[in-house]
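Here's the structure we're looking at; comments come further down.
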Amino acid sequence: MSLSLRTFTASTAAALALIVSANATAQEDKSLQRILDKKAITLGIPTDYPPYGFMGPDFKPTGVDVATAQLIADKLGVKAEFVPVSTPNRIPYLQAKKIDLIVSALGKNEERAKVIDFTTSYAPFFQAVFGPKDAVIKGFDDLGGKTLAVTRGTIQDDALQQLAPKTLKIQRFEDDNATMAAFMTQQTQFVAVGAAVAGAALAKNPKVQAEYKLLIKDSPNYIGVRKGETALLNKVNTILHTAKQDGTLNSYAKKWLGRDMGNLPD
């Protein structure tokens, strides 16, 4: 093959590659338009993970994640189609196009970022101290002389070694169920657990008058988007940014989590 022919062939191959790349990009950018055209968006939500997603008394899904998912559909002007997902299947469902977005207490880490994209954060996910509604607790020093249940070896157990006064009487249990049971049966005055654990227990026992008291550690939730669906990602980010600024997301946090959303990162 002559040099000129080789050059022509290489140039042609490069041009074809650019065309294929441009077509792929154009196709990816239709992610938002496809949803607008079908007038519906399929949202993966939790239905057994209060206070983020659970079945309400009317047997309809409710919670922070469900409200956020509905907000996105409303702002897009399309119907919200909810699909219950679990921690193991939510990313596979997204990749298999069974859902358009994951709105299910999803944390961001390096491994997940290799296979999906993330929006800006929309809600806090936290470990905290919970206690009776009539107990006035403004800081960790106020726990002095009190009793508290915690699961041995957890993030909250480790953190309390630094945060709690030495006079706090900590009772350690081997799992979250035992920890919550100790609090619910008034073996301890307070409990340190994740918000989801507390939410599930309190939802099953509404007569227990308990609430969020002190933050131990905060880890925000993000919405999962398929890799390369930039148009949809950007639109959802715009909706979430507006909802942060106008107080909508904060109202969700206060309603279902019992606290402000705080300074959520991008």
Side-chain angles (χ1 to χ4, degrees), residues 46-57 62-67 86-87 104-107 121-221 250-264:
T47 54
D48 58 355
Y49 202 60
Y52 294 93
F54 58 101
M55 302 305 290
T62 188
V64 181
D65 291 350
V66 179
S86 63
T87 298
S104 181
L106 182 68
S121 58
Y122 68 91
F125 187 94
F126 55 93
Q127 288 80 37
V129 172
F130 295 83
K133 289 186 177 180
D134 59 359
V136 179
I137 302 293
K138 296 182 178 180
F140 283 93
D141 287 344
D142 294 331
L143 294 175
K146 306 293 195 300
T147 57
L148 178 144
V150 68
T151 303
R152 190 186 311 278
T154 56
I155 291 173
Q156 50 268 28
D157 186 14
D158 293 341
L160 285 170
Q161 307 306 310
Q162 307 298 322
L163 297 170
K166 292 183 179 180
T167 54
L168 173 64
K169 300 171 186 176
I170 299 176
Q171 295 185 28
R172 292 178 174 82
F173 299 87
E174 298 307 314
D175 58 52
D176 288 338
N177 288 334
T179 298
M180 284 304 304
F183 172 69
M184 304 294 273
T185 56
Q186 298 185 334
Q187 294 177 47
T188 65
Q189 297 165 282
F190 297 88
V191 63
V193 292
V197 174
L202 295 174
K204 291 179 181 178
N205 300 274
K207 291 183 179 180
V208 176
Q209 297 295 302
E211 65 182 10
Y212 162 87
K213 293 296 181 182
L214 297 170
L215 177 67
I216 295 175
K217 183 177 174 59
D218 218 339
S219 304
N221 291 338
N250 194 58
S251 70
Y252 294 165
K254 292 178 72 172
K255 178 177 181 179
W256 282 288
L257 303 178
R259 54 158 285 196
D260 289 333
M261 69 178 185
N263 295 318
L264 296 178

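Scope of the values below: all heavy atoms of this structure, side chains included, with no hydrogens, waters or symmetry mates.
Judged by distance alone, with hydrogens and angles left aside, the side-chain atoms of Lys138 form no donor-acceptor pair with the main-chain N or O of Lys213 at under 3.5 Å. Distance alone, capped at 3.5 Å, places no donor-acceptor pair between the Gln127 side chain and the Gln156 backbone. Formation of a donor-acceptor pair under 3.5 Å by the Lys254 side chain with backbone atoms of Met261 is not found in this model. When atom types are taken as modelled, the side chain of Ser121 and the backbone of Ala123 share no donor-acceptor pair closer than 3.5 angstrom.
Residues Gly194 and Phe130 approach most closely at O-CE1, 4.4 Å, considering heavy atoms. Scanning all heavy atoms of the two residues, the minimum distance from Gly144 to Thr167 falls at CA-OG1, 3.2 Å. Closest approach of Trp256 to Pro51, counting heavy atoms only: O-CB, 3.2 Å. When all heavy atoms are compared, the tightest approach of Asp158 to Gly153 is OD2-O, 4.3 Å. The minimum heavy-atom distance between Gln187 and Thr147, with the atom names listed, is O-OG1, 4.4 Å. Gly145 and Gln189 get closest at one heavy-atom pair: O-OE1, 4.5 Å.
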Exercise. Go through the steps for Asp218 and Arg259 under the test salt bridge (charged side-chain N to carboxylate O under 4.0 Å, His left out), then give the verdict.
Key: CA-CA 12 Å; Asp218 218 339; Arg259 54 158 285 196; 3.0 Å; yes

Practice problem: Starting from the C-alpha separation in whole Å, work towards a yes-or-no answer on side-chain contact (heavy atoms from CB on, under 4.5 Å) for Phe190 and Leu168. | Solution: CA-CA 10 Å; Phe190 297 88; Leu168 173 64; 5.9 Å; no

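Between Asp65 atom CG and Tyr252 atom OH the span is 11.5 Å, to the nearest 0.5 Å. Here the CG atom belonging to Leu214 is positioned 5.5 Å from the CG atom belonging to Leu143, to the nearest 0.5 angstrom. In this structure, Ile155 CD1 and Lys217 NZ are separated by 6.0 Å, a value rounded to the nearest 0.5 Å. In this structure, CE on Met180 lies 8.0 Å from CG on Asn205, to the nearest 0.5 angstrom.
With Met184 as reference, Leu202 is the one residue of Val191, Leu202, Thr179 to meet the side-chain contact (heavy atoms from CB on, under 4.5 Å) rule.
Applying the ring pair (Phe, Tyr, Trp, His ring centres under 6.0 Å) test to Phe54 and every residue at least two apart in sequence or in another chain returns nothing. Phe140 meets the ring pair (Phe, Tyr, Trp, His ring centres under 6.0 Å) test with no other residue; sequence neighbours excluded.
Ring centroid separation for the pair Tyr212 and Phe126 comes in under the 6.0 Å cut-off.
Atom CD of Gln161 sits in a crowded spot, with more than 12 heavy atoms from other residues, nucleotides or ligands closer than 6.0 Å.
Residues Asn221 and Pro124 are not in side-chain contact: their nearest non-hydrogen atoms beyond the backbone lie 4.5 Å or more apart. Contact check for Lys169 versus Leu148: no side-chain heavy atoms found under the 4.5 Å cut-off. The shortest side-chain heavy-atom distance between Val129 and Ile137 does not fall under the 4.5 Å cut-off. The shortest distance between side-chain heavy atoms of Thr151 and Phe173 does not fall below 4.5 Å. Side-chain contact between Thr62 and Met55 is absent, with no heavy-atom pair separated by less than 4.5 Å. Under the 4.5 Å side-chain criterion, counting only non-hydrogen atoms from C-beta, Val64 is not in contact with Val66. Taking the side chain as every heavy atom from C-beta outward, Ser104 and Pro46 approach each other to under 4.5 Å.
Applying the salt bridge (charged side-chain N to carboxylate O under 4.0 Å, His left out) definition to pairs two or more places apart or across chains, those involving residues 174-194 are Arg152-Glu174.
In this structure, Phe125 and Tyr49 have parallel ring planes: the angle between them is below the 30° cut-off, well short of the 60° mark.
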